[in-house]
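Predicted, not measured: the structure shown is a model, and the values here were computed from it. We count ligands from 1, going down the list as the structure has it; atoms in each ligand are counted the same way.
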Amino acid sequence: MSLLVVGSVAFDSVETPFGKVEETIGGSATFFSTAASYFVPINLVAVVGEDFPEDQIDFLKSRSVDCTGLHRVPGKTFRWRGRYGFDLNEAITLDTQLNVFGDFHPDLPQSYRECTRVFLANIDPELQLEVLKQVKDPQFVAADTMNFWIDGKRQELGRLLSHVDMLIINETEARKLASEANIVAAARAIMSMGPRHVIIKRGEYGALAFTPEDVFFAPAYPLEAVFDPTGAGDTFAGGLLGYLCRRNKVSTINLRQATVVGCVMASFCVEQFSLDALRSLSNEAIEARFSKFQKLVSFEPLELLEAISVQ
Ligand code: AMP
């Protein structure tokens, strides 16, 4: 069964200390769909303008992303401009142009309405809710958001959160949404807004998964060269939810594995600009990096305490 996603499909212009790209392919739904497509088929809802290249849509289709719900309308595609300093954890948004997203009210294709698993990628919370309302019987709904919407549409976001099972959000944004400095307290506060599961993305420091039954930490992969962190958060969400949907059950074990799969996919994403590193990964490469994560955090049980207490 497919996973339905709504979010931005965009042109990104990004500066990092290592280089600069103008109007490359980006968007929360683009990164998410590409990453998740390694695990499950995707039904994509978004809008692009006349300027969006057809070959990029063909690429998504080639990765089992159903693009029936990707509308092309007169006007310009969504554009985002951002900059990263040496601290690659935090993007500074320089410009956001909603363009064709400003007035987008999709009517979902019939087949999309039957999807039971939904990811509301980062976009206007009113649009996230509008899409969710058209889904007949949503069984598992996950969402992401960012400062832009927390600042601009807090009430709408609050309404949305009461329908969400899992929020996947950056550390800084979690603090802002919850008005809490402590990240554990912030996760608890967000849980009280609706989502049973709160996943906090911590950039190069990995991710924390909070559920009523469990707290889990996954590190980020210690890469020597991080080229462009844009899209890492959406790619993380794509890996996590793609894997979870493939397992077909949100158990503690599956969610722990899925959080690591999210970190695996994000670790590929940041190695190149835009979507480039995610275009043709092999299953073997994904599995090999997953094993490296296992090795990275495995250690033996403590044995010395008795000896210390005798002294
Ligand atoms: P991240 O995965 O957090 O690095 O997200 C990066 C992507 O988010 C970029 O490709 C942008 O096009 C997209 N983006 C940035 N701002 C917004 C926004 N306000 N709404 C939706 N998407 C956005």
Side-chain angles (χ1 to χ4, degrees), residues 5-16 21-36 44-49 52 56 60 76-84 87-102 104 119-128 131 142-154 156-157 160 167-174 176-177 199-204 207 220 226-241 262-263 265-278:
V5 56
V6 59
S8 57
V9 172
F11 282 120
D12 289 345
S13 298
V14 182
E15 273 175 55
T16 78
V21 281
E22 286 291 319
E23 308 231 317
T24 183
I25 302 302
S28 56
T30 316
F31 283 105
F32 177 89
S33 302
T34 307
L44 171 63
V45 182
V47 63
V48 292
F52 197 78
Q56 297 299 334
L60 290 172
K76 286 172 81 178
T77 296
F78 181 104
R79 276 167 169 75
W80 177 74
R81 180 174 288 277
R83 185 194 299 136
Y84 296 85
D87 176 2
L88 292 169
N89 280 328
E90 198 82 56
I92 301 155
T93 292
L94 302 174
D95 189 27
T96 304
Q97 293 174 19
L98 296 180
N99 296 330
V100 289
F101 265 104
F104 179 50
F119 182 58
L120 308 166
N122 179 27
I123 195 67
D124 187 335
E126 285 190 85
L127 174 58
Q128 291 175 312
V131 166
D144 187 3
T145 193
M146 71 179 290
N147 286 349
F148 190 82
W149 306 113
I150 300 172
D151 291 334
K153 298 221 172 171
R154 190 179 266 272
E156 293 81 348
L157 193 55
L160 175 80
L167 188 70
I168 303 178
I169 187 170
N170 281 349
E171 184 172 24
T172 323
E173 286 149 0
K176 185 183 246 291
L177 179 62
I199 317 290
I200 311 267
K201 299 178 277 186
R202 306 187 64 225
E204 65 177 312
V226 173
F227 207 56
D228 174 15
T230 312
D234 306 307
T235 304
F236 167 83
L240 188 155
L241 286 172
C263 293
M265 298 308 282
S267 75
F268 288 118
C269 172
V270 301
E271 287 182 306
Q272 292 181 43
F273 266 112
S274 184
L275 279 183
D276 291 354
L278 298 176

Look up atom CD in Glu22 and atom CZ in Arg81, then write down how far apart they are to the nearest 0.5 Å.
-> 4.5 Å
Nearest heavy-atom approach of Leu177 to Arg154 is O-NH1, 3.1 Å
Could you see which bit of Ala232 sits under 4.0 Å from ligand 1, with heavy atoms only: side chain, backbone, both or neither?
-> backbone
Protein contact of atom 16 (N) of ligand 1 - nearest heavy atom, named by residue and atom, plus distance | Met146 SD, 3.3 Å
Heavy-atom contacts with Gly26 under 4.0 Å: which atoms of ligand 1 show up? List them by number with element.
-> 10 (O)
With heavy atoms of Phe148 as the reference, note each atom of ligand 1 found under 4.0 Å away.
-> 19 (N)
Below 4.0 angstrom from a heavy atom of Gly27, which ligand 1 atoms are there? Numbered from 1 as shown, please.
-> 9 (C), 10 (O), 12 (O)
Rounding to 0.5 Å, atoms OG (Ser33) and CG (Leu275) come to a distance of 9.5 Å
Verify, without hydrogens or angle tests, whether Thr77 (side chain) and Val48 (backbone) share a donor-acceptor contact under 3.5 angstrom.
-> no
Approximate separation, where rounding is to 0.5 Å, of Arg79 CZ and Asp12 CG | 10.5 Å
Just need the protein heavy atom nearest to atom 20 (N) of ligand 1, so name the residue and atom and give the distance.
-> Trp149 NE1, 3.2 Å
Touching ligand 1 at all, Phe11? Heavy atoms, strictly under 4.0 Å?
-> no
Identify the protein heavy atom lying closest to atom 21 (C) of ligand 1, giving its residue, its atom name and the separation to 0.1 Å.
-> Asn122 O, 2.9 Å
Ala237 and Ile168: which non-hydrogen atoms are nearest, and at how many Å?
-> CB-CD1, 3.9 Å
Can you sort out which atoms of ligand 1 are near Ala10, meaning under 4.0 Å from one of its heavy atoms?
-> 12 (O)
Can you pull out the closest protein heavy atom to atom 11 (C) of ligand 1? Residue, atom name and distance to 0.1 Å, please.
-> Asp12 OD1, 3.4 Å
Which protein heavy atom lies closest to atom 4 (O) of ligand 1, and at what distance to 0.1 Å?
-> Gly231 N, 2.8 Å
At a 4.0 Å cut-off, with the gap strictly under it, does some heavy atom of Phe236 reach an atom of ligand 1?
-> no
of all protein heavy atoms, closest to atom 22 (N) of ligand 1 is Ser8 OG, 2.8 Å
Tell me which protein heavy atom sits closest to atom 5 (O) of ligand 1, plus the residue, atom name and distance to 0.1 Å.
-> Asp234 OD2, 2.9 Å
Classify the ring geometry between Phe119 and Phe32 as parallel (under 30°), tilted (30 to 60°) or perpendicular (over 60°).
-> parallel
Just by distance, do the side chain of Ser8 and the backbone of Ser28 share a donor-acceptor pair under 3.5 Å?
-> yes
May I ask you to test the Phe104-Leu127 pair for a side-chain heavy-atom distance under 4.5 Å?
-> yes
Would you sort out whether Gln128 and Ile123 count as a side chain to side chain contact (heavy atoms under 4.5 Å, CB included), showing the intermediate values?
-> CA-CA 7 Å; Gln128 291 175 312; Ile123 195 67; 3.7 Å; yes
For ligand 1, which atoms sit closer than 4.0 Å to a heavy atom of Phe31?
-> 10 (O)
